[in-house]
Amino acid sequence: MRESQSRKTITLIKGDGIGPEVADAVVKIIAAAGVAIGWDVAPAGANAFEKCGTVLPEYTVDSVKKNKVALKGPVGTPIGEGFKSISVALRKRLELYANLRPVKSLPKINSRYQNIDLIIVRENTEGLYSGIEHEVVPGVVESLKIITEKASTRIAEFAFQYARNNNRKKVTAVHKANIMKLSDGLFLQCSRKVAEKYPDIEYDEKIVDNACMQLILNPYQFDVMVLENLYGDIISDLCAGLVGGLGTAPGANIGNEYAIFEAVHGSAPDIAGKNLANPIALLRSAILMLEYIGEQPAATRIQRAIEKVLEKGKVLTRDLGGTATTTEITGAIIAEL
Ligand code: NAI
């Protein structure tokens, strides 16, 4: 296989649970596709705590700053107690303000709908994910939702620019401004202002609860959706469910300087270490990464290899209704390359 001309260094955060298994699989497939990448392996998550005494070592943040691009496996976050989410911390510290989640049907995947092709653009740095919570008096806690004109305008610009660059026809802003009149109201005002600058792209708005129902009834009416942080988080998993689940859903966190590519799924502790994880979600995130660094031909080749494996339907992991291991599906994708 022909190797690409220049070797790039990219930070690799393998993460926790199934993270190392799917990350190793993706590294092998990218090498087999002939892309020369030097991986700077950097720890984060519970594994990092064991080695370095912190869940997010400065080495890891510095590595992403130096290399500009990272591929990241999932990291575990304790629920309701313990340390704050590392993924959220990385997105904030590196100003990765746009979370891009393409939702596209894959061949032969058992799902409710076929031929879905929509894009979720989620604001990644504020909203209820500001993590500003405190106990007012015992038995009463307050959680602050921060919405700013700067971040709302920036994410709307990203969504419209993405739509224009990728031949998309419509942007839908999703909100709850009927109830949160000030915060979601500001988000909406910013979206409307940006929409005026893009007369070539249709713009509409949906209240978030209705958007959920419409996605189930008729997902084809959507093209690009732009949402503040929490709605984006929930709706992107809902959309992953429309096209066959978490095992294949890719994602990217993009800022002006840096980008981290990671799958939508978590560390899947129930199947960790069992060679059962589906590497396709992280692999499709790596495809977005290859496109981002200008390795379009390899990205296309890997995408085709995934599609061929799925079309043949012989080597599928358990989440896709098969019995194959991570190693076997990785081998099958490499064989198709
Ligand atoms: P999860 O995504 O880890 O698992 C949900 C279900 O999907 C499980 O049954 C799991 O086995 C299955 N699954 C997930 N990925 C799969 C794959 N690649 N192949 C086959 N099956 C797969 O979600 P959960 O259980 O809510 O979270 C577990 C941990 O992951 C938590 O600590 C959570 O905070 C963390 N998490 C981390 C994320 C990140 O680092 N970006 C994102 C989401 C969750």
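Computation of the quantities below employed the complete heavy-atom set of this structure, encompassing side-chain atoms and omitting hydrogens, waters and symmetry-equivalent molecules.
- Taking every heavy atom of both residues into account, Leu215 and Leu242 meet most closely at O-CD1, 3.8 Å.
- Classified by interplanar angle (parallel below 30°, tilted 30° to 60°, perpendicular above 60°), the ring pair Phe158/Tyr97 is perpendicular.
- For the residue pair Thr9/Lys66, the side-chain donor-acceptor check at 3.5 Å is not satisfied.
- A salt bridge does not link Lys169 to Asp223: none of the charged side-chain nitrogens sits closer than 4.0 Å to a carboxylate oxygen.
- Partners of Tyr162 by ring-ring contact (aromatic ring centres under 6.0 Å, His included), not counting sequence neighbours: none found.
- Hydrophobic clustering of Ile, Leu, Val, Met, Phe, Trp and Tyr side chains at less than 4.5 Å, counting indirect connections, unites Ile30 with Leu337.
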I would like to know whether Lys176 and Tyr231 meet side chain to side chain contact (heavy atoms under 4.5 Å, CB included); could you show each step before the answer?
CA-CA 9 Å; Lys176 190 78 187 174; Tyr231 310 148; 3.2 Å; yes

Test side chain to side chain donor-acceptor pair (under 3.5 Å) applied to Lys72 and Ser285, step by step
CA-CA 9 Å; Lys72 176 181 164 296; Ser285 312; over 6 Å; no

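- Around atom NZ of Lys68, more than 12 heavy atoms belonging to other residues, nucleotides or ligands sit under 6.0 Å away.
- Using a cut-off of 4.0 Å between Lys/Arg side-chain N and Asp/Glu carboxylate O, Arg93 and Glu58 are scored as salt-bridged.
- Within a 6.0 Å radius of CD in Gln114, other residues, nucleotides and ligands contribute more than 12 heavy atoms.
- A cation-pi arrangement is found for Arg122 relative to Tyr129, the charged atom lying closer than 6.0 Å to the ring centre and inside a 45° cone about the ring normal.
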Working for side chain to side chain donor-acceptor pair (under 3.5 Å), residues Asp40 and Thr11
CA-CA 5 Å; Asp40 182 9; Thr11 302; 4.6 Å; no

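- A salt bridge between Lys150 and Glu126 is absent, with no side-chain N of the basic residue lying under 4.0 Å from a carboxylate O of the acidic one.
- Between Ile329 and Ile280, some side-chain heavy-atom pair lies under the 4.5 Å cut-off.
- A side-chain donor from one of Gln161 and Tyr198 sits under 3.5 Å from a side-chain acceptor of the other.
- In this structure, a donor-acceptor pair under 3.5 Å is absent between the side chains of Ser105 and Asn115.
- Ion pairing of Glu95 with Arg154 is present here, as a side-chain N (NZ or NE/NH1/NH2) and a carboxylate O approach within less than 4.0 Å.
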Could you please spell out the steps behind the side chain to side chain contact (heavy atoms under 4.5 Å, CB included) verdict for Arg318 and Thr323?
CA-CA 5 Å; Arg318 259 190 356 185; Thr323 55; 5.8 Å; no

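- Side-chain polar atoms of Thr300 and Gln296 form a donor-acceptor pair below 3.5 angstrom.
- By the 6.0 Å contact criterion, CG on Asp200 is enclosed, its count of non-hydrogen atoms from other residues, nucleotides or ligands being greater than 12.
- Applying the ring pair (Phe, Tyr, Trp, His ring centres under 6.0 Å) test to every pair with at least one member in residues 32-69, sequence neighbours left out, gives no pairs at all.
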